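See below for the structure under consideration.
Model, not experiment: these values are computed from the prediction.
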Amino acid sequence: MATWQFHIYFIPQKALLHKYGYLPDQLKIDKESWSAYISNSDLDEEPAFEDALTISWWLDLDINKNDFLPLLKPFGDIQKWTEQTNGIRSFGDSRNNDITVCFNDNTHKVEEVSCRIDLRLPDKNFIGNVLSLAIKFECLLMDRQGRLYQPTTTALLETIKLSNASRFVENPEQFLENLTKGMVAPE
C-alpha cells in the first residue's frame, strides 16, 4: 500500500448485527498482535487472535465469488497477478485505485472486500462505485483505525481527513519528518 492510498474495508451491517446486536462506531484492530504475528509467523497460518481484520465478515451474506466478481468490473481490469493466486482477486491499478475480494478456495464464498483510493488525484467514478457497492450490500465502511462510517460522500471525506494518507498528500515533507520523529503512528 502506498502512503497516498486510503484503505477501506467493507463491513456488512448484517454481520455486525449478528455479532454485536447493534452497529458499533468502532471495531478493535489489535496492532500489537498483528505486529507479533508478522514478526513471528510464516504468514501461512491463521492469526491466533480475533480483531476486526481477522473476522470473515462477508460469510453471513453467503455470496459465491463467481456471482460477485462481475460486479467489480467497473473498478478496472483484473490485476493479472491475482489470476494466478488462490483466494484473492484485485481490480484496478495497485498504484492508484483498486478493489480486492478475498474468498475461500474450497467453498468459493466471499470473506472480505476492501479497496484503496489514491488521494493524490481522487477518481470520482471509482469513489462512486465504492459507495454504490457498499450500499448494494448494506455495508458500513471501515478505515485502518477501525472507525466505521456510513457509505456517503460526506462521511468518507470526513474519515479521509483523519488518515495518514491525507496528511501525506497535504504535505509530504512534513508528514515524513513527523513520521521519523515518531509523531505519526503507522496505520
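Between the side chain of S33 and the backbone N or O of D30, no donor-acceptor pair lies under 3.5 Å. Checking side-chain atoms of W57 against main-chain N and O of K14 turns up no donor-acceptor pair under 3.5 Å. Remark: the backbone N or O of S35 is paired with a side-chain donor or acceptor of S39 at under 3.5 angstrom. A donor-acceptor contact shorter than 3.5 Å is absent between the side chain of N66 and the backbone of L69. Side-chain atoms of T152 come within 3.5 Å of backbone N or O of A155 as a donor-acceptor pair. With S56 contributing its side chain and W58 its backbone, the two residues share no donor-acceptor pair below 3.5 Å. Remark: side-chain polar atoms of D105 are paired, donor with acceptor, to backbone N or O of G87 under 3.5 angstrom. In this structure a side-chain-to-backbone donor-acceptor pair under 3.5 Å is missing from E112 to F103. No donor-acceptor pair closer than 3.5 Å links the side chain of E170 to the backbone N or O of R167. Looking only at distances, a side-chain donor or acceptor of T82 sits under 3.5 Å from a matching main-chain atom of S90.
Note that OG of S166 and CG of N171 are 11.0 Å apart. Values are rounded to the nearest 0.5 Å. Atom-to-atom distance recorded for T180:OG1 and F175:CZ is 10.0 Å, nearest 0.5 angstrom. Atom CD of Q13 and atom CD of Q150 lie 5.5 Å apart (nearest 0.5 Å). Here L141 contributes atom CG and T159 contributes atom OG1; the two are 8.0 Å apart, rounded to the nearest 0.5 Å. Here Q79 contributes atom CD and T85 contributes atom OG1; the two are 10.0 Å apart, rounded to the nearest 0.5 Å. Distance check, rounded to the nearest 0.5 Å: CH2 of W4 to CG of L121 gives 13.0 Å.
The side-chain contact (heavy atoms from CB on, under 4.5 Å) test with I117 singles out one residue from D98, I99, I8, and that residue is I8.
Ring-centre distance between F168 and F6: not below the 6.0 Å cut-off. The ring of F75 has its center closer than 6.0 angstrom to the ring center of F126. Taking the six-membered ring for Trp and the full ring otherwise, F49 and W34 have centroids separated by under 6.0 Å.
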Practice item. Check step by step if side chain to side chain contact (heavy atoms under 4.5 Å, CB included) holds for I11 and L16. Key: CA-CA 8 Å; I11 310 292; L16 290 166; 3.6 Å; yes

Practice item. List the steps, then state whether side chain to side chain contact (heavy atoms under 4.5 Å, CB included) holds for L72 with I78. Key: CA-CA 9 Å; L72 302 183; I78 191 166; over 6 Å; no

Point to revise | Test log, rule side chain to side chain contact (heavy atoms under 4.5 Å, CB included), inputs N97 and R116 | key: CA-CA 5 Å; N97 302 297; R116 298 180 298 182; over 6 Å; no

Practice item. Could you please spell out the steps behind the side chain to side chain contact (heavy atoms under 4.5 Å, CB included) verdict for L27 and L148? Key: CA-CA 7 Å; L27 296 177; L148 292 167; 3.7 Å; yes

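For Y9 against D143, the heavy-atom pair with the smallest separation is CD1-O, 4.2 Å. Smallest separation of non-hydrogen atoms from S94 and Q5: O-NE2, 2.9 Å. Closest heavy-atom contact between F10 and C139: CB-SG, 4.1 Å. When all heavy atoms are compared, the tightest approach of I29 to G146 is CD1-N, 3.4 Å. Scanning all heavy atoms of the two residues, the minimum distance from L131 to P151 falls at CD2-C, 3.6 Å.
No side-chain heavy atom of I88 sits less than 4.5 Å from a side-chain heavy atom of V101. Taking 4.5 Å as the limit, every side-chain heavy atom of H7 sits out of range of all side-chain heavy atoms of M142. Contact check for P12 versus D60: no side-chain heavy atoms found under the 4.5 Å cut-off. Under the 4.5 Å side-chain criterion, counting only non-hydrogen atoms from C-beta, L23 is in contact with L17. Counting only heavy atoms from C-beta outward, the side chains of T107 and N64 never approach each other to under 4.5 Å. F68 places a side-chain heavy atom less than 4.5 Å from the side chain of L133.
D77 CG: 12 or fewer foreign heavy atoms inside a 6.0 Å radius. The number of heavy atoms from other shown groups lying within 6.0 Å of CD (E138) does not exceed 12. Annotation for E173: atom CD does not count as buried by contact number, only 12 or fewer foreign heavy atoms lying within 6.0 Å.
Taking hydrophobic clusters as Ile, Leu, Val, Met, Phe, Trp and Tyr residues chained together by side-chain heavy-atom distances below 4.5 Å, L176 does not share a cluster with M183. Residue L59 is not grouped with residue F137 when hydrophobic side chains (ILVMFWY) are merged at heavy-atom distances under 4.5 angstrom, including chains of intermediate members.
In summary, the side chains of R120 and N96 do present a donor paired with an acceptor at a separation below 3.5 Å, with no hydrogens or angles considered.
A salt bridge is absent between D25 and R147; no separation between the charged side-chain nitrogens and carboxylate oxygens falls under 4.0 Å. With respect to E111 and K65, no salt bridge is recorded, no charged nitrogen being found less than 4.0 Å from a carboxylate O.
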